[in-house]
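Data first, discussion second: the structure below is written as structure tokens.
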Amino acid sequence: MRRAAGFLLVLLFGLGALALAGYAVLDRTTAAWFERDLQLRSSLAVQSARRSLVRNWSDRSNLTAVLQDITRDERILGAAACSAAGELVAATQGYPQEFPSAALERRLAEGTAGEPSWSTTADLPMGRVHVSATAVAGEVGPLGFVVLVHDLSFVARREATTRDLLLVAFFVLALGAAVVTLLAARVAWRGWTSELRKALSGGPAGSFQPLVRDVRSLAERLARERHSEAGAGVWGADRLRAALKQHLQGERVVILANREPYIHERTKDGIRVQHPASGLVTALEPVMKACSGTWVAHGSGSADRETADAMGRVRVPPGEESYVVRRVWLTEAEENGYYYGFANEGLWPLCHLAHTRPIFRAEDWEHYVRVNRKFADAVCEEVDSDDPIILVQDYHFALAPKMIRERLPRATILTFWHIPWPNAERFGICPWREEIISGLLGSSIVGFHTQQHCNNFIDSVDAYVESRIDRETRAIVQGPRRTLVRPYPISIEWPVHWLEDMPSIAACRALVLADLGLADDVLLGVGIDRLDYTKGIEERLLAVDQLLARWPEFRGRFTFAQLAAPSRTKILRYRELNERVEALAKEINERWGNASWRPIVMLRSHHEPPSVFRHYRAADLCYVSSLHDGMNLVAKEFVAARDDEQGVLVLSQFTGASRDLTEALIVNPYDLQQSSAALAAALRMPATEQRERMQSMRRIVSEFNVYRWAGRMLVDAAELRRRERLSGRLSSPSGATSGESA
Ligand code: F6P
């Protein structure tokens, strides 16, 4: 109804504008016609009386009688005879007093010389008149002019009538056109919807052919979601478990990820369990707890071997065992080549736009291939059917999907790439680009955080390997195999279990401020990261420096605490970054600090989740300044931690999270003017605005939590399996590997 009213309004305005323009043109044209007509009539009247005029030109009273004769036409108000110099010779009674005016005399003297006639219009007290002068010549030469004054008021009357008629015609026309158009649109709409309905229920798709597939899959997904939503509320562990049961008949999942969720470390106080600083672990651990199954990972802890069985298996989480971690042991040379070398000196800088040159060494690549095989074998040992669901994680395992596929052709392999995928040109510098892509194409689905990364991946496939890109279904087709490429923006658990026993916000704040030796009324900012050059930690500290330089009010009042977990320290660039960050923090502290206040507090050590969440809760702002980041879960954790709906998130536009958390203060971390201004705005933001922004971000994170992320991937996997099973029944068993119908 609203759409129809809008349409009607547009139509009426459109037609109204057209009618006005038409009226203006018509008005001008008819006025010109009338004038030309009057000029002609004047000239005719004078010509027909020419003889009498010539004969009586020198006799004033006879001349007046002749002029009187001419004015018998009711529209001629008066007539006059003028000498060639413009002096009045004779005039009728009705000839307006105003003529010959000085202006007319001048016109007659200047303008009509050599012309047979001349005319103009003038506004007189009696109304609008048309004045024309026609030259009269005798036997011996020109005598003068006859000036005729025509009444023009009838033109105004006609114009008014024309305008009224036009308005009525426009109104009737507009109404008629609107009714006819609405009726036609209604009929066409009915036709389209019934055609679309028929097409969706299996009939011929006709002109909707390209749309039908998309609409059908959307409708199926919505139906599936609604079905599994019945009474389930938001996505949570229970709902994910139920979805797994319903869609995958309770099948367990096997996760392959380099980093293990629980690291057993030997310390002087005995063996301690450590939770690694890893977004991947933050996201996947709750999923694993909900689904059960096996997590295959590198056993990297100093006490990992003694806490696992002979096969490297250990049940976790400690004290509430619900799934298994299968540890794979690597030699130092393997770890150096595969993890530090190819993965973190090659692929990591290749995929992040952070101005660090990738290093590709042939021996690192050999280790990468060998270690991928080792992990793929471990995965195949952990599955309990010939068509398991396997979730391969991250850039450490680009080759594993193909290797697993070779051993388990019927497996459903979902690979998630946790870091950005660069554009094809940049990716092309990798000497083993074809192998990496082919390895990933062993997957049933390859997932990224954003559509942009999906597009980059598809472009890279297009540029470097033989394949067909099916843009309609967003799939890569290689012979009988098909790999779907999809965005699945990752998230965190909701509610966060670390918050269950957390002290109140005020208590957290008091604890943190006491720990850091800060005054009670300090304004506190936090940054929480692995010490990695992609996180923009230097830019972050420089923004604090600028803040203090530009707004002295924050000197002595604002402190930024940077929790930085040392990471990949065997790599020279990470060690150099450590030193640079340390030196910069010192320099800023020396510039602005004093005996009782430091603007930067650097905490360069691993922090367990309870400490991390305490800092989130204590802070007035959290600044995530990544130069490039697939998602960044620190941003989402900060939001989850703030159940008081206070605190401001300042977030780099180069994180995947900035697409979800649009109520954060989004900044370009390279732009220190902008980011320091955002820090100032965050520190001055009124509580009501903080609440509005935080409420909205909390809604997003709670709704789009990691259970939903996993649920979507698993439901897609289930759908793929269902179709593969169906097509497997119809074709040969080997055909079942194709997933062709997906
Ligand atoms: O962002 C990529 C990633 O693998 C994350 O998934 C994880 O948070 C981080 O790197 C951890 O790195 P690492 O396992 O090398 O410590």
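Counting starts at 1 for both ligands and their atoms, following the listed order.
The environment of NZ in K570 is crowded: more than 12 heavy-atom neighbours from other residues, nucleotides or ligands sit within 6.0 Å.
Taking 4.0 Å as the cut-off between side-chain N and carboxylate O, K289 and E493 do not count as a salt-bridged pair. Residues D529 and R540 are paired through a salt bridge, judged by an N-O separation under 4.0 Å between the basic side chain and the carboxylate.
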Atom pairs and distances, side-chain donor-acceptor, residues 605-612, under 3.5 Å, sequence neighbours left out:
| from | atom 1 | to | atom 2 | distance (Å) |
| --- | --- | --- | --- | --- |
| H606 | NE2 | H275 | O | 3.1 |
| H606 | NE2 | E608 | OE2 | 2.8 |
| H607 | ND1 | S605 | O | 3.0 |
| E608 | OE1 | H275 | ND1 | 2.6 |
| E608 | OE2 | H275 | N | 3.1 |

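Near I419, meaning under 4.0 Å from any of its heavy atoms, are these atoms of ligand 1: 1 (O), 2 (C).
Contact annotation: for R568 versus ligand 1, heavy atoms closer than 4.0 Å belong to the side chain alone. In F416, neither the side chain nor the backbone holds a heavy atom less than 4.0 Å from any atom of ligand 1. The proximity of L280 to ligand 1, defined as any non-hydrogen pair under 4.0 Å, involves the side chain as well as the backbone.
Ranking protein heavy atoms by distance to atom 16 (O) of ligand 1, first place goes to R259 NH2, 3.2 Å. Protein heavy atom closest to atom 8 (O) of ligand 1, with residue, atom name and distance, is G279 N, 2.5 Å. Among all non-hydrogen protein atoms, the one lying nearest atom 4 (O) of ligand 1 is D394 OD2, 2.6 Å. Counting only heavy atoms of the protein, atom 7 (C) of ligand 1 lies nearest to S278 OG, 3.4 Å. Of all protein heavy atoms, the one closest to atom 15 (O) of ligand 1 is Y339 OH, 2.4 Å.
In this view, Y395 and W348 satisfy the ring pair (Phe, Tyr, Trp, His ring centres under 6.0 Å) rule, not counting sequence neighbours.
In this structure, the side chains of Y339 and H298 stay at 4.5 Å or more apart for every pair of heavy atoms.
Using a 4.0 angstrom heavy-atom cutoff, R530 counts as in contact with ligand 1.
A ring-ring contact (aromatic ring centres under 6.0 Å, His included) with W709 is found for exactly one of F416, W235, F704, namely F416.
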